[in-house]
Protein chains: 2
Amino acid sequence: MGTTQLESVPEPKYWHLKTVISEALDSDFAVGEILPNERELAARFGVARATLRQALEQLELEGRLQRRRGVGTTVAPPRMGVDVSTTQHQWPGTGEESWQSVDCAVATPPAAVARLLDADTDETVHVVRRLRVSGGQPVAAELLYVPASSVPELSAIENPSGPGRARAVLRELQRRVLDGQDRAVELGSARADDAKELDRLPGAPVLVVTTRYLSEGRTAAVSVATYRADTCRLTFGDSGDLVMAS
Amino acid sequence: MGTTQLESVPEPKYWHLKTVISEALDSDFAVGEILPNERELAARFGVARATLRQALEQLELEGRLQRRRGVGTTVAPPRMGVDVSTTQHQWPGTGEESWQSVDCAVATPPAAVARLLDADTDETVHVVRRLRVSGGQPVAAELLYVPASSVPELSAIENPSGPGRARAVLRELQRRVLDGQDRAVELGSARADDAKELDRLPGAPVLVVTTRYLSEGRTAAVSVATYRADTCRLTFGDSGDLVMAS
DNA sequence: TAGTGGTCTAGACCACTCC
DNA sequence: GAGTGGTCTAGACCACTAA
């Protein structure tokens, strides 16, 4: 311990543990390799299991580890870059094959969404559920809220209420003029239903991407997409080359 | 409980607690109000303190609560929207007053940054430290890595090595042509030094925004900005219509 | 059925803030 | 010094996965 410094600032044990394990991951383990179980690791480091877990939790938060109940703790691959740029101003589901529609229902929006839509909480909206898959893994679950008034033609359509209906809503949307969109990213924790589709436990950390689609001076749709924070790096590729040709 | 369903899926206690407290926050508490302390809350709900803390941690992660050691747990205000859009393609520190330069050093970049710079790990870079303040609060800490080769004139400049030097580096950068930039957002945990400037504990969840600045066909600078995930919502205002002039 | 991570408990002590 | 949240312990049991 040549460099230790009279430990005037006692580092928490779990923090130190995290550093040690992190370095071990870099040097001694390969991606996908399985670590010793928590009880053994705790014993090996001479700490309580809860303390060891605190370190593992941090490393999982940083995308270094992946833990699965009943299986074990494995070394995670580097996060995958997921493009969420608004390349051109496009309605959802336009050119992309990465999203697949799951189903579609009619409901009243939650308060936060209603606020974004400038709508009342009791106005009915189509709720399209979609799943984004990348590299064979589900990376995001989305709820797309489309007020009935944004796609009035749809009331005439028959009602399969499944993926077909979802695609119908998207098709109707795409016939409209998209004036613009704005987007926000924040940290959240996965709701039970999203967690299930993302193959995570409820409460898992997620990056919530909220998008407002503007058409004819109003908000025509709102998308709330929750990305797995452990496996995803959201990329915005604004790389210079004339973003707009207006 | 008319709707309960034979509790075939036993919800974890902390998850249920989180829901209960969350609803209480909506109805019974005002922003800034201080909650009963953890020991009392745990007793009131009939759970161990650790379990109660698990619920509070989640709520803090979601930006609903703010906890400060030695003080207490308070109801957090709604997250503030922080603009991180690349409105026009601009070098850092161009029009904005929200960032203030802290200092500047010369060092070799960490491996991850060197990779983005297409540089060797032993090439020297200027490291500019900046702090972003919004609403009277520090919201982000940034390290801007500028390879010495990107601003060759600077070697001639005298060396105050403080905020003055930082501004000199930025000034030199701004004289160059900016071809484009790309950006990524991911979840991280605050390093000790960032945590200190952000007035958080080490390991606090942060949103890490990595920006590459491209000039003359190469990466001229890399910025790594860590935003407080509890208080910030990152906004990207791509609102179609040429950014308004009203 | 054996082994894994996830939840929970009831304590203890520490670091910090404020009076 | 009193009171807060932060860390840590040594157990226990549960839910899940895979052989």
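Lettering follows sequence order; numbering is per chain, from 1.
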Give me, pair by pair, the N or O atoms of the protein and of nucleotides 15-19 of chain D that are less than 3.5 Å apart, along with how far apart they are.
unit_1: D/dA15; atom_1: O4'; unit_2: A/R69; atom_2: NH1; d: 3.3

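- Between A/V82 and A/T231 there is no side-chain heavy-atom pair separated by less than 4.5 Å.
- The distance from atom CZ of A/R228 to atom OG of A/S134, rounded to the nearest 0.5 Å, is 12.0 Å.
- The closest donor-acceptor contact from the side chain of B/R130 to the backbone of B/L144 lies at 3.5 Å or more, if one exists at all.
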Could you walk me through whether B/S223 and B/E142 satisfy the side chain to side chain donor-acceptor pair (under 3.5 Å) test, starting with their C-alpha distance in whole Å, then the side-chain angles of each, then the deciding distance to 0.1 Å, before giving a yes or no? CA-CA 7 Å; B/S223 150; B/E142 180 200 50; 2.6 Å; yes
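- Comparing A/E38 and B/R49 along DNA chain C, the residue whose closest nucleotide (by nearest heavy atom) sits nearer the 5' end is A/E38.
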Go through the steps for A/E38 and A/R53 under the test salt bridge (Lys or Arg N to Asp or Glu O under 4.0 Å), then give the verdict. CA-CA 7 Å; A/E38 297 184 347; A/R53 278 179 62 82; 3.1 Å; yes
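- Contact annotation for B/L56: no contact, since no heavy-atom pair falls under 4.0 Å across all strands.
- Taking the charged nitrogens against the carboxylate oxygens, A/R212 and A/D182 do have a contact shorter than 4.0 Å, which makes a salt bridge.
- A straight line from CD of B/Q66 to P of D/dT4 spans 18 Å, rounded to a whole angstrom.
- Bounding nucleotides for the chain B contact on DNA chain C, 5' to 3', at a heavy-atom distance below 4.0 Å, are C/dT7 to C/dT17.
- Side-chain contact annotation: B/T211 with B/R183, donor-acceptor N/O pair under 3.5 Å present.
- Annotation: of the two residues near DNA chain D, B/N37 and A/P12, the 5′-most nearest-nucleotide partner is B/N37.
- A 6.0 Å sphere centred on CZ of A/R68 holds no more than 12 heavy atoms belonging to other residues, nucleotides or ligands.
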